[in-house]
Amino acid sequence: MEVRTRFAPSPTGYLHVGGARTALFNWLYARRHGGKFILRIEDTDEKRNTAEANQVIFDGLNWLGLDWDEGPDKGGPYGPYRQSERGDIYSKYLAKLEAGGHTYVDGGAIRFRSPRKPVVVEDLICGRIEFDMSNPATHPDMTIRRPDGSWIFHFVNVVDDIEMKLTHVIRGEDHLSNTPKHIELYQALGAAPPKFAHIPLILNHEGKKLSKRDGGSSITYFLDQGYAPEAVANYLCLLGWSPGENRERLDVPEILSLFDLEKINRRNAIFDLDKCFWLNGQHILAMGLPRFAELAKPFVDKAGVPYGTEEALMRALAIVKAKVKHLSDVPAWIGFLFTEDFAFDAEAVEKTLRKPGAAGRLAALAEALGGLGDWTHANLEAKLKEAAAAMGVKAGELVHPARVAVSGRSVGPGLYEIFEVLGRERTLARFGRAKAMAAE
RNA sequence: GACCCUAUCGUCCAGCGGUUAGGACACCGCCCUUUCACGGCGGUAACACGGGUUCGAAUCCCGUUAGGGUCGCCA
């Protein structure tokens, strides 16, 4: 039988990382087993069900690289995929329940009468759990339709899962206690329940459920902060799951080949931004220049870096890629390469250019480089070291003031790489300008 | 409160009856180095507690404690 999983978010206007991880696990499971991944919007109650709120979900999933086979925007054999458009289906199922004598009216609302029999949940992750449903005080008959005719989550969720032929329901552990209610509904409707897999929750640093207020609780945070989606997906799946062999950095194809619901653990995990950050750097380091450029470009454009040609941009990106941890930092890393109007860091100027003799050393270096043959990394390095030796100083005595002279800062890409990208003319011009700031 | 889940370094993840309890992030040293990163080496740091079972428990069982979740005419 074909595996069918789903992600069924409520359009609240943002995509929570916990939801994103749930989506990721569902997607992984479906793709791993050659099945289908379905997107369904659960908007029976939420009045924030706007086109924008829907778009946020689409964008978030797309950004993470999670594609769906059926959904509100692409249709499918069991649509519509928005609960607000499925009223007729729910009415039909309600009639079934009514015919079976499973409902009663209470205050205008319709409730489902619990059979009050023990219910066993066979969970792929949590194992076998038996629930005693006999006490109406702790397990009240659930409402399935409000007096105004609108539907309640538990009912429509089950109906849709039946109608859409879902085989596996992978969701947060906060639904574990709801599951026996859902199973009662399946039984009353004469449908076989899907396999359930309840994954542990993501907690904040206080050990509470991650909320909107917590940094990094929304997927857009990662996009804005300059995270690579592959790094975020990688980090998210490492929360509660392990590929074994102490593997940390994994690309999606690897995750796909290793993923297994049975290997998901049962303990809630605290979200650790530090590790996600580190993983981001690892992914950036490992990715090719084209991918890096693709991810960095939006930030470069947004910052208005006047990089000129595409080739020039690529040369700049190439020399900073190994240093960058956040893609959002790229403009700051490369800006000085494209304008003479870059800022000089006061402390850097003080420590290097204002050092006695700096002006003379800079002048000597400029002279040496002026006569250099091919303006290449190797030649530049050799010439600088030769000049340092001739002056009887350590290479650093030339390197540091030169770096500040051409970039305005004491940290940055490799010096010779900067020289190469700037070219002879601009490098020497910047030397000349810096001499004015330097101490004799 | 009732019910359900969970319990290994500060954090994430290994471990599934016999290990000097391992890896990663973070942190602290040292090395590499033109800066910053990267990388390398080393260090600090954990089996919640109490009973069992067993020749032998982080691993199995039972309690206690702690944390989380669910008990909606929210999803």
Side-chain angles (χ1 to χ4, degrees), chain A residues 8-12 19 41-46 83 106-111 121 123 125-127 129-133 135-140 142-154 156-157 171-181 198 200-203 205-209 235 238-249 263 265-279 281-282 284-285 320-325 333 348 351-352 381 384-385 388 394-404 407 409-418:
Chain A
S10 175
T12 57
I41 303 296
E42 305 221 329
D43 55 357
T44 53
D45 185 69
E46 290 292 339
Q83 290 187 331
D106 170 28
I110 298 175
R111 287 185 185 274
V121 176
D123 192 277
I125 294 169
C126 300
I129 304 162
E130 186 169 331
F131 290 85
D132 175 4
M133 307 296 283
N135 186 357
T138 54
H139 295 90
M142 72 183 118
T143 306
I144 59 182
R145 203 186 71 174
R146 300 186 190 88
D148 70 0
S150 59
W151 305 93
I152 303 296
F153 161 73
H154 301 293
V156 294
N157 184 269
R171 61 187 2 172
E173 199 212 78
D174 48 342
H175 284 297
L176 185 56
S177 297
N178 289 327
T179 305
K181 286 195 284 198
H198 288 91
L201 268 20
I202 299 179
L203 274 23
H205 274 287
E206 274 79 55
K208 308 283 188 214
K209 213 168 151 179
Y235 178 71
L238 251 25
L239 247 30
W241 174 77
S242 168
E245 299 176 330
N246 292 324
R247 305 266 270 112
E248 304 286 344
R249 200 200 86 230
K263 281 196 296 191
N265 70 33
R266 303 168 71 173
R267 340 169 23 193
N268 293 162
I270 292 174
F271 194 92
D272 182 18
L273 209 45
D274 279 341
K275 184 151 182 180
C276 189
F277 173 73
W278 170 78
L279 212 41
Q282 293 294 306
I284 290 175
L285 217 45
V320 301
K321 178 172 162 290
K323 315 273 182 172
V324 167
K325 295 297 208 58
W333 273 92
K351 279 192 174 158
T352 59
E381 180 168 2
L384 182 141
K385 287 186 170 158
K394 286 194 284 189
E397 295 296 320
L398 297 182
V399 167
H400 299 305
R403 172 183 296 285
V404 176
S407 75
R409 288 182 298 177
S410 56
V411 303
L415 183 65
Y416 310 116
E417 275 116 22
I418 295 176

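Only this structure's heavy atoms are used, side chains among them; waters, hydrogens and symmetry mates stay out. Note that the structure is predicted; figures quoted are calculated from it, not measured. Convention: sequence-line order gives letters A, B, ...; per-chain numbering from 1.
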Base, backbone or nothing for each nucleotide of nucleotides 21-28 of chain B, written B, S, -, heavy atoms under 4.0 angstrom, 5' to 3'? -BBBSS--
Just by protein heavy atoms under 4.0 Å, how would nucleotides 61-69 of chain B read 5' to 3' in B, S and -? -------SB
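Nearest-nucleotide mapping onto RNA chain B: of Arg403(A) and Glu130(A), the residue sitting toward the 5' end is Glu130(A). Position along RNA chain B of the nearest nucleotide to Gly412(A) versus Pro147(A) favours Gly412(A) as the more 5'-ward residue.
On the C1' atoms, C55(B) is 37 Å away from G43(B), given to the nearest whole Å. To the nearest whole angstrom, the two P atoms, one in A37(B) and one in C61(B), are 48 Å apart. Nucleotides C9(B) and C4(B) are separated by 29 Å at their C1' atoms, to the nearest Å.
Checking A75(B), C3(B), C12(B) against every side-chain atom of Leu239(A), the shortest atom distance belongs to C12(B). Looking at the side chain of Ile129(A), the nearest of the listed nucleotides C5(B), U35(B), C73(B) is C5(B). Side-chain proximity of Ala269(A) to C12(B), C4(B), U34(B): nearest is C12(B). Listed nucleotides: C12(B), U70(B), U34(B). Nearest to the side chain of Asn178(A): U70(B).
Residue Thr143(A) places at least one side-chain N or O closer than 4.0 Å to OP1 or OP2 of C73(B). At least one side-chain nitrogen or oxygen of Arg266(A) sits closer than 4.0 Å to the OP1 or OP2 atom of U6(B). Within the 4.0 Å cut-off from OP1 or OP2 of A75(B), not a single side-chain nitrogen or oxygen of Thr12(A) is found.
Side-chain atoms of Ser407(A) come within 3.5 Å of backbone N or O of Arg409(A) as a donor-acceptor pair. Between the Thr179(A) side chain and the His175(A) main chain, a donor and an acceptor come within less than 3.5 Å of each other.
Under the Watson-Crick and G-U wobble criteria, each requiring two contacts below 3.5 Å, nucleotide G63(B) is paired to C49(B). Pairing for C73(B) is absent, with no Watson-Crick or G-U wobble pair whose two atom distances lie under 3.5 Å.
Residues Val399(A) and Tyr416(A) have side chains in contact (heavy-atom distance under 4.5 Å, counting atoms from C-beta outward). At a threshold of 4.5 Å between non-hydrogen side-chain atoms, the residues Arg249(A) and Leu279(A) count as touching. Between Ile110(A) and Pro147(A), every side-chain heavy-atom pair lies at or beyond the 4.5 Å cut-off.
Listed by chain and residue number, nothing satisfies the salt bridge (Lys or Arg N to Asp or Glu O under 4.0 Å) test with Lys181(A) (two or more places apart in sequence, or in another chain). Remark: His400(A) pairs with no residue by the ring pair (Phe, Tyr, Trp, His ring centres under 6.0 Å) rule, at least two apart or across chains. For Arg247(A), the salt bridge (Lys or Arg N to Asp or Glu O under 4.0 Å) partners are Glu254(A), not counting sequence neighbours.
Here the P atom of nucleotide U6(B) and the CD1 atom of Ile125(A) are 12 Å apart, to the nearest Å. Note: CE (Met133(A)) to C1' (C4(B)) measures 12 Å, nearest angstrom. Following rounding to the nearest Å, Leu398(A) (CG) and U35(B) (P) show an atom-to-atom distance of 14 Å.
Side chain to side chain, Arg146(A) and Ser150(A) meet the donor-acceptor criterion of an N or O pair below 3.5 Å.
One donor-acceptor pair, N or O on each side, does fall under 3.5 Å between the base of U35(B) and the side chain of Lys323(A).
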Ignoring hydrogens and angles, write down the donor-acceptor pairs under 3.5 Å from the side chains of residues 271-278 of chain A, residues two or more places apart or on other chains.
unit_1: Asp272(A); atom_1: OD1; unit_2: Asp274(A); atom_2: N; d: 3.3
unit_1: Lys275(A); atom_1: NZ; unit_2: Glu248(A); atom_2: OE1; d: 3.1

